[in-house]
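Quick note: numbers below take in every heavy atom, side chains included, and nothing from hydrogens, waters or symmetry partners.
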Amino acid sequence: MKKYDIIFFDVDDTLFDFTKSEQEAFNKVFDKYNLLNSLKLYEKSYQEISKVLWRDLEDGKMSLVALGSERFRRLFLEHELDIDAVVFNQDYLKFLGVQTHLVKEAEKVIRDLSHKRLAIITNGYTDVQKSRINKSPLEGAFEHIIISESTGFQKPQTEIFDYAFNKLQITDKDNVLMVGDSLTSDIQGGVNYGIDTCWFNPKYKENNTSLKPTYEINKLESLLEIIK
């Protein structure tokens, strides 16, 4: 088995429980606007809108800044709500930035890999992602936290990996592993860049793409067997 000295981690739904974090932030922001009564209805619409927009982001058709307010603009238009989408998005991101729910075993895995060079590559908002990591038990565990908003590129673009390799001064791709839950973002990005990938798939989703991750795990702790 290959030896990996440098491990890049995705954040959401890899180390952090984004579903839980999003749910709490949603509850708080909709409560602030007195909209809790129809929360389930709004959530369903939001998930459908958000999925389309995040795919557009990965495909380079939309910027992260535009995505933030556009998801709520479309939501409010669909439900005929007269709310400023830009301000609402700012409020939502503030609530999201204090959510620190970790995926099961994340803290143990990161602690057990502390002798390796660990870094983050995440698509998302700089203030939100840094805030969540720094308020969590994973604070200080990573050599670099590379966030798409700061770099101007997002996974699966090769440029964000160029940025990461430059930051960490990596010259050899053979001892680098990308770990993430998204086939279209994390795994596609790693494959495009020519590094080994580990698909974290706790829900046993089917891989309906042509992508072949180097490894597939259903429990985060299984990563330790690969790396050790």
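You'll find the side chain of I49 reaches within 4.5 Å of the side chain of L53, heavy atoms only.
Here the closest non-hydrogen pair linking L224 and V109 is CD2-O, 4.0 Å. S131 and V98 make their closest contact through OG-N, 4.4 Å (heavy atoms, listed as atom of the first residue, atom of the second, distance). Shortest non-hydrogen contact noted between M62 and L67 is SD-CA, 3.7 Å. In terms of heavy-atom proximity, Q188 sits nearest to P156 at CG-CB, 3.8 Å. Between Q154 and L57, the shortest heavy-atom contact is NE2-O, 3.0 Å. Taking each heavy atom of N207 and P213 in turn, the nearest pair found is ND2-CD, 3.9 Å.
The hydrophobic cluster containing I187 does not contain I195, counting ILVMFWY residues as joined when their side-chain heavy atoms lie under 4.5 angstrom apart, directly or transitively. In the hydrophobic clustering of ILVMFWY residues, with side-chain heavy atoms under 4.5 Å counting as a link, F142 and F18 come out apart. Placement of L183 and I160 in two distinct hydrophobic clusters is found when ILVMFWY residues are connected by side-chain heavy-atom separations under 4.5 Å, directly or transitively. Two different hydrophobic clusters hold F161 and I120 under the rule that ILVMFWY side chains link at heavy-atom gaps under 4.5 Å. Residues V103 and L113 fall within the same hydrophobic cluster, defined by Ile, Leu, Val, Met, Phe, Trp and Tyr side chains chained together at heavy-atom separations under 4.5 Å.
The closest donor-acceptor contact from the side chain of S38 to the backbone of L41 lies at 3.5 Å or more, if one exists at all. Using a distance-only test at 3.5 Å, with no hydrogens or angles considered, a donor-acceptor pair links the side chain of T214 to the main chain of T197. Side-chain atoms of K94 do not come within 3.5 Å of backbone N or O of V29 as any donor-acceptor pair. No donor-acceptor distance shorter than 3.5 angstrom exists from the side chain of E78 to the backbone of L75, with no hydrogens or angles considered. S50 places no side-chain N or O within donor-acceptor distance of the main-chain N or O of Q47, the cut-off being under 3.5 Å. Looking only at distances, a side-chain donor or acceptor of R132 sits under 3.5 Å from a matching main-chain atom of Q99. In this structure, N123 contributes its side chain and K155 its backbone to a donor-acceptor pair below 3.5 Å. Checked by atom type and distance alone, the side chain of Y125 pairs as donor or acceptor with a backbone atom of G68 at under 3.5 Å. Here the side chain of S185 pairs no donor or acceptor atom with the backbone of S182 at under 3.5 angstrom. A donor-acceptor distance shorter than 3.5 angstrom exists from the side chain of T151 to the backbone of S148, with no hydrogens or angles considered.
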Q) Step by step, would you call E70 with R74 a salt bridge (charged side-chain N to carboxylate O under 4.0 Å, His left out)? A) CA-CA 6 Å; E70 180 63 15; R74 293 188 188 186; 2.7 Å; yes
**Q.** Derivation and outcome, side-chain contact (heavy atoms from CB on, under 4.5 Å), residues I83 and L35
**A.** CA-CA 11 Å; I83 301 170; L35 293 170; 3.6 Å; yes
Q: Given side-chain contact (heavy atoms from CB on, under 4.5 Å), test F76 with D82 step by step and report yes or no.
A: CA-CA 7 Å; F76 299 153; D82 185 19; over 6 Å; no
Q.
If you apply the rule ring pair (Phe, Tyr, Trp, His ring centres under 6.0 Å), what do you find for F153 with Y163, and how did you get there?
A. CA-CA 9 Å; F153 304 104; Y163 184 95; 8.2 Å; no
(Q) Could you walk me through whether D174 and Y4 satisfy the side chain to side chain donor-acceptor pair (under 3.5 Å) test, starting with their C-alpha distance in whole Å, then the side-chain angles of each, then the deciding distance to 0.1 Å, before giving a yes or no? (A) CA-CA 8 Å; D174 282 348; Y4 298 105; over 6 Å; no
Q: Under the side chain to side chain donor-acceptor pair (under 3.5 Å) rule, what do R73 and N89 come out as? Steps first, then yes or no, please.
A: CA-CA 9 Å; R73 189 191 71 78; N89 180 59; over 6 Å; no
Q: Test side-chain contact (heavy atoms from CB on, under 4.5 Å) on D127 and L93 and set out the steps.
A: CA-CA 9 Å; D127 290 347; L93 292 178; over 6 Å; no
Q. Going through the checks in order, is the side chain to side chain donor-acceptor pair (under 3.5 Å) test met by N192 and Q157?
A. CA-CA 8 Å; N192 288 353; Q157 292 178 304; over 6 Å; no
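Between Y33 and the choices F95, F72, F88, the ring pair (Phe, Tyr, Trp, His ring centres under 6.0 Å) rule is met once, by F88. Tested against F8, the residues V179, L177, L168, L118 include a single side chain to side chain contact (heavy atoms under 4.5 Å, CB included) partner, L168.
Classification of E48 and K44 as a salt-bridged pair holds, one side-chain N sitting under 4.0 Å from a carboxylate O. Note on E105 versus K219: no salt bridge recorded, every NZ/NE/NH1/NH2 to OD/OE distance being 4.0 Å or above. Look at K108 and D112 and you find a salt bridge, because one of the NZ, NE, NH1 or NH2 atoms lies within 4.0 Å of a carboxylate O, short of that distance. D13 has no carboxylate O lying under 4.0 Å from a charged side-chain N of K20, or vice versa, which leaves the two without a salt bridge.
At a cut-off of 3.5 Å, with distance as the only test, no side-chain donor of Y215 or D196 sits close to an acceptor on the other residue. In summary, the side chains of Q23 and E43 do present a donor paired with an acceptor at a separation below 3.5 Å, with no hydrogens or angles considered. Side chains of E216 and N201: a donor on one and an acceptor on the other come within 3.5 Å.
Under the side-chain hydrogen bond (donor to acceptor under 3.5 Å, both in side chains) criterion, D31 pairs with no residue at all, not counting sequence neighbours. In this structure H144 satisfies the ring-ring contact (aromatic ring centres under 6.0 Å, His included) test with no other residue, sequence neighbours excluded. When the ring-ring contact (aromatic ring centres under 6.0 Å, His included) test is applied to F26, the partners found at least two apart in sequence or on another chain are F30, Y46, Y92.
The six-membered or imidazole ring of Y42 lies near that of H79, with a centre-to-centre distance under 6.0 Å.
Within a 6.0 Å radius of CZ in R111, more than 12 heavy atoms belonging to other residues, nucleotides or ligands are found.
A cation-pi arrangement is present between K173 and Y193 under the rule of less than 6.0 angstrom and at most 45 degrees off the ring axis.
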